[in-house]
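Take a look at the structure set out below.
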Amino acid sequence: MPGTTELVAIFREIGDLLDLQGVRFKPEAYRRAARSLEALTEDLAGVAARGELRAIPGVGEALAEKIEEYLRTGAVPFLDRIRSEVPPGLLEIMRLPGFGPKTARRLWVELGIEGPGELAAALAAHRLDGLAGFGPRKIALLSAALAQVGGGPKRRPLVDAWRVAEGLLAAIRTGAPVDRVEVAGSLRRRRETVGDLDILATSTRPERVFEVFSALPEVRTVRMRGPTKETVELSDGLQVDLRVVEPAAFGAALQYFTGSKDHNVHLRSRARDRGLKVNEYGVFRGEERVAGATEDDVYAALGLPTIPAEIREDHGEIEAAEAGRLPTLVDAPDVRGLLHVHLERLGGTGGLPDAARAARRLGFEYLGVVVPEADGEVPALPRPSSGAPRIFLGIETARFPTGPPPGADFWVLRPAAGLAVPPASAPGDAAGPLLVAHLAAGVDSGAEPDRLRPWLALAAARPVAFEVTAGAGSEGLDSTFARQAVEAGAQLALGPGDVPVAAWERYRLAVGLARRAWAAPETVLNARPAEELARSWAARRGRG
DNA sequence: GCCGTTTTCGGCCCGACTGTTTTCAGTCG
């Protein structure tokens with residue numbers, strides 16, 4: 001079944017092929033539409049049925065027609081047409097790091113090179129020597145890029161990138177003459193996967209900061225260094241950009257490098273409309289800098305409240321800010337407990353006392369201790385000796401519960417692969433409170449988001465919470481689905497994932513994901529007080 | 001190909017860095 005994911009890939013390929021043809025502006029138009037489709041929080045066919053395709057940002061008359069054609073026939077003939085006009089191997093050449101469509105097109109037009117194989121042969125035969133604009137350095141870079149084709153840097157999970165970034169930030173803070181140091185980029189937006197790290201610092205001695213940074217043991221090579229910016233590659237292949245600005249520009253730089261691209265483009269066009277110019281050094285009216293020291297100043301200069309970093313994607317947040325309808329997003333202090341704790345997997349030997357200590361340290365009121373389902377047996381409910389935290393008991397099952405959890409407070413459904421979603425009318429509220437965990441497990445990230453869609457109907461039929469963890473993509477939900485779930489009336493349950501108590505702090509990354517989903521505290525199950533949970537669960541659970 | 005509180009036509013974000021240059025084009029984010 002063709003889906004939105006495939007159409008996104010089609011539009012991206014069309015963009016690349018148009019680039020290779022030397023067409024201006026259209027490539028970006030196709031990519032913009034692809035990004036919009038990717039972030040769509042509802043079914044594309046549904047939007048088309050209502051005749052609202054053109055309400056999607058970046059979709060106009062021509063692209064709406066292509067989308068409808070695709071939904072009808074499963075193909076976009078325009079793709080086949082331009083595919084026949086451009087050798088497919090050129091796509092691989094233009095995707096070599098450091099090279100792009102202009103270079104690939106020149107090699108094709110001037111030397112007849114149609115793919116990486118021919119390029120390698122041409123390099124070996126010195127056919128590029130003397131070609132205008134191709135000096136010895138560029139030819140060496142081309143050879144090097146060609147040698148590691150396919151082995152390019154991969155995006156990595158948020159938690160991994162976060163750990164690396166924390167180490168780098170600490171090292172810079174202690175070793176370099178810096179005033180402020182913060183992460184920016186997609187890591188600050190808490191994207192599920194991160195392609196590279198952006199670090200921003202203020203200092204009066206940038207060159208010294210770069211020296212210290214380059215000498216860190218994690219750094220393998222320095223890719224480039226200028227007066228304000230350095231790019232390095234870590235030994236694990238991750239690319240890190242470090243930028244140093246003056247304090248008066250810190251807010252503008254932080255805003256600028258936090259992105260996303262579409263968010264920034266939207267803001268800058270808004271600035272232009274108001275006779276202003278935005279860049280990484282500030283907001284300017286003519287020569288005069290009217291804002292720049294803080295992000296608040298930058299947004300205020302553009303007539304907007306400060307937009308939380310996690311939702312800066314141009315997914316409607318600028319319009320919402322303009323209208324004063326920005327949601328109050330859930331924040332880490334709102335989380336009052338964890339609901340999916342497996343004592344047997346905590347990684348320490350302390351069991352419940354250890355868990356209780358960690359909970360108190362993090363300021364949690366309660367823990368939901370979860371035990372596997374055991375037929376016919378009522379699990380013993382563990383209780384800590386002292387008062388806090390309060391302990392709730394959950395039973396983990398792989399099948400849809402048909403009745404209240406025996407002797408416990410709530411169900412944790414961990415759907416087995418291939419578990420069909422029940423009809424929305426089935427068991428219903430009487431089956432007890434339900435927390436659906438690990439929903440995305442087994443679903444390749446980005447594979448087919450439509451597969452998760454039927455679960456949304458469940459949310460409309462009964463109270464259900466979907467778990468969001470720091471490990472989105474592998475064990476948890478991504479924020480696009482989480483936003484759909486919130487819009488469908490479901491709750492979210494935030495947690496650190498299946499990790500030792502020492503790593504429970506990671507629940508904060510799940511908070512970031514929930515914020516990306518525009519989740520308010522009211523939509524987060526474990527932002528509710530213990531008393532409220534106890535009351536609502538006592539009314540429905542099995543035991544007296 | 002999209003888009004519009006100066007526009008339905010004529011724009012399309014903006015700057016850093018590299019390599020090849022002598023004033024700039026390409027790539028990147």
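Letters A, B, ... are given to chains in the order of the sequence lines, protein chains preceding strands, and every chain is numbered from 1.
- As judged by a 4.0 angstrom heavy-atom cut-off over every strand, Glu61(A) is placed among residues touching the sugar-phosphate backbone only.
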Output a table of nitrogen or oxygen pairs between the protein and nucleotides 3-8 of chain B separated by less than 3.5 Å.
residue	atom	partner	partner atom	Å
dC3(B)	OP1	Gly58(A)	N	2.8

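- In this pair, Phe25(A) lays its aromatic ring flat on the base of dC12(B), centres within 5.5 Å and planes under 30 degrees apart.
- In textbook terms, a nucleotide whose glycosidic angle is within 90° of 0 is syn, and dT7(B) is one such case.
- For Asn279(A) and dG15(B), the shortest distance from a side-chain N or O to OP1 or OP2 is below 4.0 Å.
- Ion pairing between Arg516(A) and Glu192(A) holds under the 4.0 Å rule for side-chain N and carboxylate O.
- Around atom CZ of Arg24(A), no more than 12 heavy atoms belonging to other residues, nucleotides or ligands sit under 6.0 Å away.
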Point to revise | Letter per nucleotide, 5' to 3', of nucleotides 24-29 of chain B [B base touched, S only sugar-phosphate touched, - untouched; heavy atoms, 4.0 Å] | key: --SSSB
Donor-acceptor pairs under 3.5 angstrom involving side-chain atoms of residues 106-114 of chain A: please list them, not counting sequence neighbours.
residue	atom	partner	partner atom	Å
Arg106(A)	NE	Glu110(A)	OE2	2.8
Arg106(A)	NH1	Ala132(A)	O	3.0
Arg106(A)	NH2	Glu110(A)	OE1	3.1
Arg106(A)	NH2	Glu110(A)	OE2	3.4
Arg106(A)	NH2	Ala132(A)	O	3.1

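- In summary, the side chains of Ser214(A) and Glu230(A) do present a donor paired with an acceptor at a separation below 3.5 Å, with no hydrogens or angles considered.
- Across the protein-nucleic acid pair, Asn264(A) atom CG and dC14(B) atom P stand 12 Å apart, rounded to whole Å.
- Applying the side-chain hydrogen bond (donor to acceptor under 3.5 Å, both in side chains) rule to Asp314(A) yields the partners Arg32(A), His266(A); only residues at least two apart in sequence or on another chain are considered.
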Using a 3.5 Å cut-off and no angle test, enumerate the donor-acceptor pairs between side-chain atoms of residues 281-292 of chain A and protein atoms at least two apart in sequence or in another chain.
residue	atom	partner	partner atom	Å
Arg289(A)	NH1	Tyr281(A)	O	2.7
Arg289(A)	NH2	Glu246(A)	OE2	3.2

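- Within the structure, a side-chain polar atom (N or O) of Thr228(A) is placed less than 4.0 Å from OP1 or OP2 of dC17(B).
- In this structure Glu69(A) satisfies the side-chain hydrogen bond (donor to acceptor under 3.5 Å, both in side chains) test with no other residue, sequence neighbours excluded.
- Between Leu131(A) atom CG and dT21(B) atom P the separation is 10 Å, expressed in whole Å.
- Summarising the base pairing, dG15(B) is matched to dC28(B) through a Watson-Crick or G-U wobble pair whose two defining distances lie under 3.5 Å.
- Here the C1' atom of nucleotide dC17(B) and the CZ atom of Arg223(A) are 13 Å apart, to the nearest Å.
- Following rounding to the nearest Å, Met224(A) (CE) and dG15(B) (C1') show an atom-to-atom distance of 13 Å.
- Between Phe78(A) and Tyr30(A), the ring planes lie parallel to each other; the angle is under 30°, not in the 30° to 60° tilted range.
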